[in-house]
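Quick notes on the structure that follows.
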Amino acid sequence: MELAERIARRRSSRQGGRVVVDRDHLSPVVHRPEPVGRGPVLEQLLDALEPVFDGELPPPVAVVGPPGSGTSAIVTALFDALNDQFSGSTRSIGTTTRAGSTGPVTWFGTVDGRRVGSPFSFYQAVLSAISNEPVPESGIGTDALRKRLRDRLARPNRRVIVAIDHHDEPETLDAGRARELLAPVDEHVTIVPVGQREPDDWKGTTVSVPAYRDHELVDVITDRASTGLAAGTLDHDTVRDLAAWADGNAHDALAALFGAAVLASEADADRIERNHLEAARADVPETGVHVGRALALSETRQQVLLSLIELDAADRPIREIATAIAGRSSLTAGTVKRFLYELADRGVIERVPLSTSDRGSGRQPSTVRPLFPTVVFRSLAATSVQSADRNDSG
DNA sequence: GATCCACGGGAATACACGGATG
DNA sequence: CATCCGTGTATTCCCGTGGATC
């Protein structure tokens, strides 16, 4: 990130309130470089990856944990750090050189399954992880990308360990498919599926991540708040309440914290008040989805969701909602309707049957409501649309 | 070296049909 | 039966890329 951009972001994050000091430190979709209270799991994962230190490919290992247990955070942090150690030098040097064409190279890459649904985008993601040069996002065939991957990887002493994050979520490319696609470079690749459960008929080892215990979650929240919020905006009792409420789920805790901070800022308050926190908690659905799911959607779909939030669509039939949203976008009502059904199918929003009293004949319509934290989403989606091409970090 | 253009992937859109409902 | 919702899929559109052509 360039310095000017850093400053601009810092400025904009301070506008409209004295509560938030740094949004990134608070955001539930930004991972910390040093995960809090996860030492034992990190050690287990390092054990499983041990062969890497002898210049060999480790056997496959799955990382498994309940929602909000920090599986993504752990793998992201560890792989970033390992990457710095193993290929950092070639990375920072090689702007134009065909870096490291002689010596052994080991890469650690993370593929966000939420953003990868097709073979094309999978190859694109893997190649990006192991290349200094930008990899085309379109305008080229899938076969061409597969060939590039082979060219780059199928040589002695080239290794890549690929984490497939969220491999078991709907609509993402699962681990089995990933292995199929990597078959041409099989001997140079280890996959590390990361999710809530192991892939079907899993043959490798498994590292289990337990849900956070209350006091661990308190530490996580405190850590975020201490750098993300202005001093004195949150007292310790409130943190403890929040941790207890979130019941071991760091996503829910951070979503509520971030939401409360946004609401406090919007109210131009000096600190986070009880009502901000209550509203923010209420905005985190009990059986909802990670806000990252919504933020991984294409820009148009995010626009649709933003309109849906603004609209206050409760008790209105889908057809009507679609027309209203289409009115404030460049999309057709038919397309928006299509999107809404599709988003409901994916579990990002929920269809709620509408008990119609008015309409006479015909099938009864339903309405939709978001299943993700809307305050967090509208705050983060707004900025990611502005700088859409900059943020590629899941 | 500059320009053109065919190609490919993915998003947007259209459309048709099955099913629920009065 | 008429009507409208919900869904699967065919078709069209858009646009970046990279090789062909001049």
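Chain letters run A, B, ... following the sequence lines, proteins first and then strands; every chain starts at 1. Since the structure is predicted, the reported quantities are computational estimates derived from the model, not experimental observations.
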Flag, side chain of A:Ser27 to backbone of A:Arg23, donor-acceptor distance under 3.5 Å: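 Not at all, since once roles are kept as given, no pair shorter than 3.5 Å links the two residues.
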
Using the test salt bridge (charged side-chain N to carboxylate O under 4.0 Å, His left out), find all partners of A:Asp219 that sit at least two apart in sequence or belong to another chain.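 In terms of salt bridge (charged side-chain N to carboxylate O under 4.0 Å, His left out), with neighbours along the sequence ignored, A:Asp219 is linked to no residue.
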
Set of residues satisfying salt bridge (charged side-chain N to carboxylate O under 4.0 Å, His left out) with respect to A:Asp201, sequence neighbours excluded: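 Expected list: none.
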
May I ask you to verify if any side-chain N or O of A:Arg319 is less than 4.0 angstrom from the OP1 or OP2 atom of C:dC4?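 Checking A:Arg319 against C:dC4: no side-chain N or O falls below 4.0 Å of OP1 or OP2.
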
Using a cut-off of less than 4.0 Å, is there contact between a side-chain N or O of A:Gln124 and OP1 or OP2 of B:dG9?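 False: A:Gln124 side-chain N/O out of range (4.0 Å or more) of B:dG9 OP1/OP2.
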
Could you state the atom-to-atom distance from [atom1] of [X] to [atom2] of [N] in whole Å?
| X | N | atom1 | atom2 | value |
| --- | --- | --- | --- | --- |
| A:Glu342 | C:dG8 | CD | P | 11 Å |
| A:Glu299 | C:dC14 | CD | C1' | 15 Å |
| A:Arg351 | B:dA20 | CZ | P | 12 Å |
| A:Glu320 | C:dG6 | CD | P | 13 Å |
| A:Ile321 | C:dG6 | CD1 | P | 10 Å |
| A:Lys147 | B:dG8 | NZ | P | 16 Å |

N/O donor-acceptor pairs under 3.5 Å from side chains in residues 331-342 of chain A, not counting sequence neighbours:
from     : atom 1 : to       : atom 2 : distance (Å)
A:Glu342 : OE1    : A:Arg301 : NH1    : 2.8
A:Glu342 : OE2    : A:Arg301 : NH1    : 2.5
A:Glu342 : OE2    : A:Arg346 : NH2    : 3.0

Tabulate protein N/O versus nucleotide N/O from nucleotides 3-7 of chain B, keeping only pairs under 3.5 Å, one per line.
none

Side chains of [X] and [Y], donor plus acceptor under 3.5 Å:
| X | Y | value |
| --- | --- | --- |
| A:Arg32 | A:His25 | yes |
| A:Thr206 | A:Glu198 | yes |
| A:Asp165 | A:Thr110 | no |

If you measure from CD1 on A:Ile321 to OG1 on A:Thr367, what distance do you get to the nearest 0.5 Å?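 The distance works out to 3.5 Å.
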
Which residue pairs satisfy the ring pair (Phe, Tyr, Trp, His ring centres under 6.0 Å) criterion with at least one member in residues 175-212 of chain A, sequence neighbours excluded?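 Not a single pair qualifies under ring pair (Phe, Tyr, Trp, His ring centres under 6.0 Å).
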
Per-nucleotide protein contact string for nucleotides 10-19 of chain B, where B marks a base within reach and S marks sugar-phosphate only (heavy atoms under 4.0 Å, - for neither): S-SBB---BB

Classify the nucleic acid contact of A:Arg148 as base, sugar-phosphate or nothing, counting any heavy atom under 4.0 Å across all strands shown.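 A:Arg148: backbone/sugar contact only, no base atoms under 4.0 Å.
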
